[in-house]
Structures are given as structure tokens and as C-alpha cells.
Amino acid sequence: MELLSGADMLIRSLQDQGIEYIYGYPGGAALHIYDALFRQDEVKHILVRHEQAAVHMADGYARATGLPGTVLVTSGPGATNTITGIATAFMDSIPMVVLCGQVASTLIGEDAFQETDMMGVSRPVVKHNLSVRHPSEIPEIIRKAYYIASTGRPGPVVVDIPKDMTAPNERFEYAYPKKVKLRSYNPAIRGHAGQIKKAVDMMLAARRPIIYAGGGVILGKASGQLTELVRKLGYPITNTLMGIGCYPASDKQHLGWLGMHGTYEANMAMHHSDLILAVGARFDDRVTNATEKFCPGARIIHIDIDPASISKTIDADVPIVGPVDAVLKEMLALVKESKEKPDAEALASWWRQIDEWRAFHGMRYETSPDVIKPQEVVEMLHRLTNGDAFVTSDVGQHQMFAAQYYKFDKPNRWINSGGLGTMGFGLPAAMGIKLTHPDEEVLCITGEGSIQMNIQELSTCNQYKLPVKIINLNNQSLGMVRQWQDMNYESRHSHSYMESLPDFIKLAEAYGHVGIRIDKKEDLEPKLKEALAMKDRLVFVDIQVDRFEHVYPMQVARGCMKDMWLSKTERV
Amino acid sequence: MRRIISVLLENEPGALSRVVGLFSQRNYNIETLTVAPTEDETLSRLTVTTTGPDRVIEQITKQLNKLVEVVKLVDLTEGPHIERELMLIKLKATGSQRAEIKRTVDIFRGQIVDVTSSVYTVQLAGASDKLDGFVQAIGTSGVLEVVRSGVSGIARGEKVLSL
Ligand SMILES: Cc1ncc(C[n+]2csc(CCOP(=O)(O)OP(=O)(O)O)c2C)c(N)n1
Ligand SMILES: [Mg+2]
């Protein structure tokens, strides 16, 4: 057997795990590891400008590919800088391994230079964390970390590595374990057959059914099975913000997404349904509105890999714990062989009702002859990229407009921080995707507030030539905050202005990129085309959009699913 | 309703803090918590008593089960079980109080385990409400110090919580 130092074992383990890219930032406690990185070229390291961005890059990569991302940082401030990124991944169940340097084990507890209890600090926002206590454990710990991060309900795993564990002069036998032994961790591999049968019977007997799909469908790589089942049944489907793309948005059975800023028809159909098939969704408060008023006539079937997601906020009548792809496959087989068929008449009248709702609102907004509306920018981008781009976003009105008006037909293409709502996510996430998808169009639809939360990464983009397209829907305000202040605080705009904004064009140029400003409506299309045509350049497109626009529909706070504002004046 | 949840936990550093952290993070109640190694040195046995509506209790057991280091758990209150708690209590004991205390200790089947001219130290084991009953019977004015172990529990009959 080979003898390797802890640091070399760590890098070898990453190689044997098949890791191609890691994102990180060096520092004292990680220097042995960085030295081991230097002496090989299989694992490529991307140097970011802030550790938070490294985590979002890994996250963007993971969301686009379904594979775990990897981060490497030093102890203390390096580690604490990752926390927002880790919490972002945790809330959206994104597989990721974060390797953190730590002070030498002999110094732990002594308030040593750059010592932070990363095990303690990260604990509430990780799926699990592991600490290295002997260098020889490193291969097994790395194997376990990836296994835990990417199986069951995925999530981030932190590995804390005291500096003496990677010391170059001590060598140990290296072998990368083929298997992981964890007696206390056994994610479900299939759903309960009896429950699945019961669910299918209920589904076939329903008169006003709806499918409510979440991010779990994308994480569980079950879009294919879901689409087949939904088409077979002919039932309407809606999905959550995180589930966007799990079913083609252009399909007529798709009602758009639901919840706080969901479509009128999706929220109406949910409220009036008699059966909800929830797949990989978690009845989040941004979906349900007031839980006690949630869908009063509906019985609920809930499929999820995580038993704790079931009956957490809304009770399920038929809980099914299992991987969504396997469960949906079994359901489809049962539907196909069942003698029962959905009641055609009931279904036809349900669709008539839904089509009325669709006709009533659809997605409309007022256009203006001279002011650029953020919605029309997104619609135009959708057209110009044939609906086939990877779109990352930040948090705010621009995020909602992007999700509402860019119609995704494929999974893994809408990339946003849905659970934590992390401003600053968009650019680094886009970078993580562009790096591994150089031939794909990668757009970051952002706002002038959010983009400034990780703007330093323009420098990383220059170093690694990451030609993403930044679409800054510049409304010169923290628009979403402002909207809430308009609606709930009599328009007292407390600290929701972005005064003294930088000149984004000059800023982009200072970092070696191209900047384009669009402030006239007639320039919108030609200049967007011009930006998209620059395939090998990062283009920062700063678009002056309507400063007073609101996002609609918007559910009325503490109401039920169907209580919505449809415009500044219309309430249903 | 009050529940006694008994957990087999990997005997790893940090495992306990995950359990405790889960309770505070998710706003669950902890009334008592005890933890100690078992006959298998790789495992600890942790017992927590908590109260809450059924939905919350269900979440507690599910969330505990999600912790990677939790090997197995059981809600003992779902079936017949034995619960015990140990109390050591220091009581002011002078003059006629001494005989009175001795009698009460006997009634509760406790033992006086240490004596000075003015203090008795009493040891008492039993279900938590029995310990409460003892303190009530003695009257808080005579109590100098109380230390309770928290609840340990085990199912009755053949049922065991093991690997
Ligand atoms: C890190 C972080 N801080 C604060 C917030 C609260 N917040 C949500 S939306 C928003 C405004 C975002 O402004 P901008 O990026 O310009 O987007 P807009 O709503 O104007 O489109 C804020 C401050 C957040 N989501 N994330
Ligand atoms: Mg803004």
C-alpha cells in the first residue's frame, strides 16, 4: 500500500471520489492541503474572492448537475464566511461537502489564532458534520461525507480538519473505501407498496385532482417519471418555486407555479381541489399561506424521501416515504394496469373551471410606451435564448419576475435560493454552472441590491474566463422591501433605496468585462442581442427598469391559497 | 402530554450537542435529559422527557431519527414502561424534625445517606411524580438543596431497544 500524508490523502480521496473542481480560498490552517493541491493537476481549484462565493459556486454546480459540489477553506474567518452559503444549500437540500481547515488539535479550545468551533457554528445548518481526529481516518471521512451529502434528502456536510491531521511529514497507508458503513443512517430506498396502492386508488377516484410538485422532484431526478404520470392521468400540475422545470412549463397541463407569487390559476386550483398529490414538496409557508385555511376540501397524498417533511405543517392522509422516482414509477405502473379510470366527465368539468381561471388572469402586467418593465425584459430573454438558458437569480422582485416570465421546460435550469432567500447567490451560482457548462447560455438575473453582495466575483470571472451574462434589473431600490413597505407600511420607504449606486458599466470594465447600459425601451432588444452575441465575454447588462413595479399575483397575508392581490388595486 | 423518548446514540463527541441543539433550534421542550454509555461502549443511551401536542412529538421523533448519529429510538410512553429518577436532597433536620423526616423518608422508601447534627441527606428513587410528592410532603421550607438525575426509562416485558 501507498504511504501518504494526511493532506495528500485528502486530495487523493477527492480524486478517487471523481471530484473535478473545488472552489476555495487558502489560509494558514489549510496550507498543507493547498500544497498537496499544487503537486497534482487532477483536482482543479477555483480561487474565489470571498468564501461565501465558493459555496454558492459549488451550490450552482450541484443544482445544475445533481452532483455534490466541493469547497475548501481555512479555519476561523474562512470557515465562518461559508456559513451563509452552507445555510443556503441546507434550506434547499443541495448536496455539498465543505472542507474546513482548523487549528492544530493540540490548540483546540485555547482560543488559538483563527480558531472557531466550526463544528458548533455549522451544526444547525448542515445535514451532518465530521471532524478528523487522526490522519488515517481521512479517506473514510471523505467517503462518508460525500455519501451522506448526496443520498437520502441531500444536504451540505462540513468536514473539520485540524492542521496537524494534514502534516506533510507523517505518512499513512492510503486506500479509498469502496463502501460506507453507517449503521445509523439508512435512507429509504422504496416506498410502502400498500400506501402506494391506496394513493393510486384515491387518485383515480378524485374529481378535482391536482399535482403539487416540489424541488424534491428535481433533486430526486424524477422529472421524467413525473411527466409521464401526469400526462397519463391528464391531471393539472403546479409546482413550487424550487420545482420549476420539473414539468415543462409550456405544456397545457401545467398551471405555473403556486404560492405567494404563484399564478392565479394554480392557487385557485389548489384551493378548490379534492385531492392533492404532493411530490417532493414540503408545504412551506410561502406556498400554503395560513395553514389552518389551507385547501379545505382536499385530501392529501404526500411523497417525500424525508419522513420529517410529511405532516410537518399540513397533515397528510396518505404519507409515502421513499425516493420520488421509485415511487412515481410504481404509481405509473399501477395506473396503467388499473381497471379504474379517472372520471372523464368530472375531469372535463374540472378543466373547464381551470381554463376559466386561466382566462381570467393569466400573467398580465401593464406595459408602458417609455418605461422598461422588468417582466418584459425576462420575456424577451426567454425568447432570445429559446427558453433554454440556465438562469440563476438573486432575491427580490427580479427573482420573482424571472421565475414567472422565463418558462422553463427542463429541470436543473432555474437556479435560485428559494428556502433561505440569499441575496448574493446569483453571480457565484452562475459561475459554478458556466465553468462546467461552457457551451450553455448562463444568465444571472439580478437586482442592483443583490449583485453588490458578491460583486467581487467579477474578478474571479476574469481569472477563469467565465462569460456569464449578468442582467441587472436596476430599479434603484430594494424593490421587494419597497413593495412590502408600500403594501404594509403606508409607503414609508425605510432604507429601501439604493442611493449612490456605482456606475456598473465602469465597474464591469474595471474588472476586465463588458458593460452595457439600457435605459431606452427601443434599445432593449438590440442591446440584449448584442450582449448575448458576445459568447466569450462576461457582459454586465444594466437595465433601468420601472422603479415602482410590484410583483403580482401576491397572496394576501394570513389568508388562504385563493386570497390574492392581482394588481395594486385588484383583490380577489 | 408528557413523553419519555429513549434514544440509542453513537458514542461520538458532538453527538449529544446535536440532540440538545435540535431541541433548542426547533423550539421543542426538554424537561429532563440523561445520557450515559451502555454495555456496548460504542453506544450511549439518552433519555429525554418532553411535552407537546402530538404533532410536535411526532416531529421530535422524526427529527431525532434524522440525526445521523441516532441509531434507534423509542417513545416509551406509547407502551407499558418503567421510569425512574434519582433524587439526592439535603434537608434541615434539627430537634423534633429529625424523627418526622425519618418517618416520611421511610414512607417514600428513601434512605438517609448522610447525617450531620443539623442536616439529613436523603436518597430517593422512583417515578418523577413520586419525587415531587416527597418534596411536597417535606415542605419546601426545610429543603436546603435538591439534585435530580432526570428520568431513565425502559419498556416493560420482552421489548428491548438495542441494535
Ligand atoms: C442577504 C440578504 N439580506 C437581506 C435580504 C432581504 N431582502 C429580500 S429582497 C431584498 C431587496 C433586494 O433588492 P434587489 O436585489 O435590488 O432586488 P429587487 O427586489 O429590487 O428586484 C432584500 C433586502 C435578503 N433576502 N438577503
Ligand atoms: Mg432593486
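First the proteins, then the strands, lettered A, B, ... as listed; each starts at 1.
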Could you measure the distance from the CG atom of A/Asp306 to the CD atom of B/Gln63? Nearest 0.5 Å is fine. 7.0 Å
Check whether more than 12 heavy atoms from other residues, nucleotides or ligands sit under 6.0 Å from atom CD of A/Glu140, and answer yes or no. no
Examine whether an atom of B/Glu69 lies under 4.5 Å from a heavy atom of chain A, and if so say whether it belongs to the side chain, the backbone or both; otherwise answer neither. both
Contact origin within B/Val68 toward chain A - heavy atom pairs under 4.5 Å: both
For atom CD1 of A/Ile108, is the number of surrounding heavy atoms from other residues, nucleotides or ligands below 6.0 Å larger than 12? yes
For B/Lys102, does the NZ atom sit with more than 12 other heavy atoms under 6.0 Å from it, leaving out its own atoms? no
Close contacts, residues 34-58 of chain B versus chain A, judged by heavy atoms under 4.5 Å: B/Asp40, B/Thr42, B/Leu43, B/Arg55, B/Glu58
More than 12 heavy atoms of other residues, nucleotides or ligands under 6.0 Å from CZ of A/Arg299: yes or no? no
Options A/Arg123, A/Lys127, A/Arg133, ranked by heavy-atom pairs under 4.5 Å with chain B, top entry: A/Arg123
Highest number of heavy-atom pairs under 4.5 Å with chain A: which of B/Lys66, B/Glu10, B/Arg18, B/Arg26? B/Arg18
Name every donor-acceptor pair, under 3.5 Å, that has one atom in a side chain of residues 116-125 of chain B and the other anywhere in the protein, sequence neighbours excluded.
{"from": "B/Thr116", "atom 1": "OG1", "to": "B/Ser118", "atom 2": "N", "distance (Å)": "3.2"}
{"from": "B/Thr116", "atom 1": "OG1", "to": "B/Val119", "atom 2": "N", "distance (Å)": "3.0"}
{"from": "B/Gln123", "atom 1": "NE2", "to": "B/Gln111", "atom 2": "OE1", "distance (Å)": "3.0"}

Could you tell me whether the side chain of B/Lys62 and the main chain of A/Ile310 form a donor-acceptor pair under 3.5 Å? yes
Chain A shares the most heavy-atom pairs under 4.5 Å, among B/Leu163, B/Leu67, B/Asn65, B/Thr61, with B/Leu163
A/Ile189 CD1: over 12 foreign heavy atoms closer than 6.0 Å: no
Heavy atoms from other residues, nucleotides or ligands near CZ of B/Arg2 exceed 12 (cutoff 6.0 Å): yes
